[in-house]
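Lettering follows sequence order; numbering is per chain, from 1.
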Amino acid sequence: MTSIRLHNTKTRKKELFVPLDPKNVRMYVCGPTVYDRAHIGNARPVIVFDVLYRLLREVYGPDHVTYVRNFTDVDDRINETAQNRKAAGAPGTLEQLIRERSDETIRWYHEDMDALGALRPNHEPRATDYIPQMVAMIEGLIATGHAYAKDGHVLFRVRSYKDYGKLSGRSVDDMIAGARVEVAPFKEDPMDFVLWKPSTDDLPGWDSPWGRGRPGWHIECSAMADELLMKGLPETQKSFDIHAGGIDLQFPHHENEIAQSCCAHPHGEFARVWMHNEMLQVEGKKMSKSLGNFFTVRDLLDGNWSGGWNVPGEVIRFVYLSTHYSKPMDWTDEKARQARERLIEWSHLSVDVTEGAVSEDVLFELQQDLNTSEALTEMGKIADAGDIPTLLATARLLGFDLQKVAKEDWANPYVYEMPDGTVRREGIDYQPTVGVIGWGPFPENLASAAMEVVRRWLELRRDKDYTSADQLKRNAEALGLSLRAYRTPSGLNGGQGHLSGRPNYEDLERLLG
RNA sequence: GGCGGGUUGGCGGAGAGGUUACGCAGCGGAUUGCAAAUCCGUGAAGAUCGGUUCGAUUCCGAUACCCGCCUCCA
């Protein structure tokens, strides 16, 4: 019998996971505010909870899991971009420009997260499509005394919910003592937070009983979870299984969601299990634009980061899974390189192998609060044992398609020469790789000249003309191109050139005579 | 100031109250025209102080340092 254990932030314990309804396991993850490209921190919950989603599908069946992840498309930064575009003469109304900005950001998000191997959730609601549900929920909260309207604002009466602060382990009084809460004339209590606020004419707004305005951030998630995960259930069953997100959302966002939803449905408990992933750092430091270590997922994919090389989505995913989600994770060049090597190795093993069954050992590790790090270690043992059918199936469970990786250019940077001298082509471009040290762009003609040198050298070696081969190697190295050959377990010969300097390509061509 | 997380061998990174983590790097050996790769083997740890225990890196407490949240940033 499979049993999943998950760390529940609400109880601060690792608990046996028992779904409310095994035929419909329901999870909600707080999604992005779609104002710009997702940065690499945004990708962590996506990957972590994608693994959870895959695990739940494996255990309960793919048709028995409902995964909701929202898009927050009510945001000042979206408005700002739209306003700037309008000012710059873009056609269309402000509302259209806002919608366009959200649309394009959502498209990017999908592109980037797809590249990371994340499955699309069953529902990806946009906040602006659920305004009536938010309004209805707010009206209900006012009717039961948990919220009040003042000057076009509606505020949640925090003191009316006795368990407020339970999730994050704070007391309301302590928070007031911390004194960093916003005091406003329309608030009864400094802790009260906004459910609805008025909109000015130049900002998007919706009609409501309190005038034209827009929803507060927290009510969005409550209303969408309500609609997509608990609709139609009797009041006594207004709960779902798992709610997840970054640890930075624990307070106030998740605390406020609980307050709203539990006051709207006093007999339910909203989410039973709360899961939070820890934050991501880059090279040991907090990611920030001023430190120059702020990268989007797209930056990594395209090579626009301090490492300077194109990091495949699978490699990014591997790096993320190598650290447990509950611990801070550091993105480093070194880790990414190791992950790449490992994936290349496994992918080469998987060529022409028929997929088997998922490893029980790996499944077990995932069931221990998503121990992805240990799962990858187990995968290594499976690979060492030569059980490739299992490796293939297990990698797929974790979101890696090894056979697809095996066909990627980045996994096949070498030229292979068969013992009979014929050339085996792998990947699209089947030239020897040039450039390792000081990765970065170099002129096309230099690359092709260097590759030709490697090719010539391999030919000389094949013909056992070691005198000429060594001569060529010495000359090439003098110019900054070092040559290496290797033999694979399957008996193939290959060669590789490493550019350690920036030789003139004409000098290299001269070597070829 | 309040709340929470972290600190493991050169680097990354897990589990378990007593038994080898694992990967990379290193070292030794085999092998390959040299070298690389590969294969085999191997040394190396648990921030500091104190407590519980027959025994703790693993449990408890304190200290130091790092990080996050308390400001609609995952």
Side-chain angles (χ1 to χ4, degrees), chain A residues 9 12 29-33 35 38-49 69 72 74-77 165 167-171 173-182 191 193-194 197 215-221 244-256 276-281 284-288 294 319 321-330 332 334-339 341-342 345 365 368 371-381 383-384 414 461 464-467 469-470 473-474 477 482-490 492-496 498:
Chain A
T9 313
R12 290 163 223 289
V29 175
C30 287
T33 300
Y35 65 97
H39 64 246
I40 62 176
N42 296 121
R44 196 168 185 199
V46 173
I47 292 174
V48 164
F49 299 116
R69 186 181 62 210
T72 295
V74 180
D75 182 78
D76 285 336
R77 289 162 296 190
L167 177 73
S168 54
R170 301 152 200 254
S171 78
D173 295 320
D174 285 349
M175 283 183 268
I176 302 274
R180 287 229 217 154
V181 288
E182 184 195 1
M191 280 312 296
F193 60 88
V194 170
K197 59 186 163 188
W217 175 39
H218 315 298
I219 196 72
E220 295 176 9
C221 288
I247 187 71
D248 57 332
L249 293 182
Q250 185 186 30
F251 188 89
H253 184 54
H254 290 161
E255 199 71 72
N256 292 355
H276 292 99
N277 63 276
E278 254 293 346
M279 299 287 108
L280 181 128
Q281 296 178 287
K285 292 188 175 138
K286 183 184 176 176
M287 190 165 64
S288 75
F294 181 96
V319 170
L321 296 189
S322 63
T323 298
H324 192 260
Y325 76 86
S326 66
K327 287 196 174 182
M329 193 202 100
D330 200 13
T332 64
E334 174 70 16
K335 265 194 229 183
R337 288 175 187 281
Q338 286 188 18
E341 291 314 306
R342 205 97 167 118
E345 189 187 328
E365 293 302 342
Q368 308 311 307
N371 193 340
T372 51
S373 172
E374 195 69 11
L376 291 176
T377 299
E378 287 296 333
M379 297 256 296
K381 291 182 189 166
D384 288 346
Y414 309 132
R461 283 168 49 90
K464 299 203 192 307
D465 183 356
Y466 297 120
T467 310
D470 288 352
K473 185 179 179 181
R474 274 195 300 275
E477 282 178 353
S482 58
L483 302 177
R484 284 193 203 154
Y486 60 87
R487 180 165 293 117
T488 64
S490 56
L492 301 173
N493 286 312
Q496 195 177 8
H498 290 192

Taking any heavy-atom pair under 4.0 Å as a contact, classify [X]: base, sugar-phosphate, or nothing.
X	value
A/Glu365	nothing
A/Leu376	nothing
A/Gly41	base

Is the distance from OP1 or OP2 of [N] to the nearest side-chain N or O of [X] less than 4.0 Å?
X	N	result
A/Lys327	B/U7	yes
A/Ser322	B/G13	no
A/Lys381	B/A21	no
A/Arg77	B/C73	yes

When the [atom1] atoms of [N] and [M] are considered, how many whole Å apart are they?
N	M	atom1	value
B/A44	B/A25	C1'	12 Å
B/C11	B/U53	P	36 Å
B/C67	B/U8	P	15 Å
B/C27	B/C73	P	50 Å
B/U7	B/A62	C1'	16 Å
B/G41	B/U48	P	33 Å
B/U31	B/U38	C1'	8 Å
B/A14	B/C3	P	27 Å

Consecutive-pair stems (at least three Watson-Crick or G-U pairs, under 3.5 Å) that include RNA chain B: B:1-7 with B:64-70, B:10-12 with B:22-24, B:26-30 with B:38-42, B:47-51 with B:59-63

Report the distance from atom [atom1] of [X] to atom [atom2] of [Y], rounding to the nearest 0.5 Å.
X	Y	atom1	atom2	answer
A/Glu374	A/Glu378	CD	CD	6.0 Å
A/Gln368	A/His324	CD	NE2	10.0 Å
A/Trp217	A/Asn256	CH2	CG	9.0 Å
A/Asn371	A/Ser326	CG	OG	9.0 Å

Name the closest nucleotide to the [X] side chain, picking from [options].
X	options	answer
A/Pro328	B/G5, B/C70, B/A74	B/G5
A/Lys335	B/G13, B/C67, B/C70	B/G13
A/Glu278	B/G33, B/A21, B/G5	B/G5
A/Glu374	B/C70, B/A21, B/G33	B/A21
A/Gln338	B/A74, B/A14, B/G23	B/G23
A/His39	B/A74, B/C67, B/C69	B/A74
A/His324	B/G33, B/A74, B/A14	B/A14

Residues A/Thr9 and A/Gln250: side-chain donor-acceptor under 3.5 angstrom: no

Please report, rounded to the nearest Å, how far the [atom2] atom of [N] is from the [atom1] atom of [X].
X	N	atom1	atom2	answer
A/Glu345	B/C24	CD	P	7 Å
A/Asp248	B/A74	CG	C1'	5 Å
A/Asp76	B/U71	CG	C1'	14 Å
A/Asn256	B/C69	CG	P	16 Å
A/Leu280	B/A74	CG	C1'	10 Å
A/Glu378	B/G15	CD	C1'	11 Å
A/Gln368	B/A21	CD	P	21 Å
A/Met379	B/C22	CE	P	18 Å

Within-4.5 Å side-chain heavy-atom neighbours: [X] and [Y]:
X	Y	result
A/Ser322	A/Gln338	no
A/Asn277	A/Met329	no
A/Glu278	A/Thr323	no

Nearest non-hydrogen partners of A/Lys335 and A/Asp330, listed with the distance: NZ-O, 2.7 Å

Nearest-nucleotide comparison on RNA chain B, the residue closer to the 5′ end among A/Arg342 and A/Cys30: A/Arg342

A/Asn371 or A/Glu334, whichever maps to the more 5' nucleotide of RNA chain B: A/Asn371

Aromatic ring pairing A/His254/A/His276, orientation class (parallel under 30°, perpendicular over 60°, tilted between): tilted

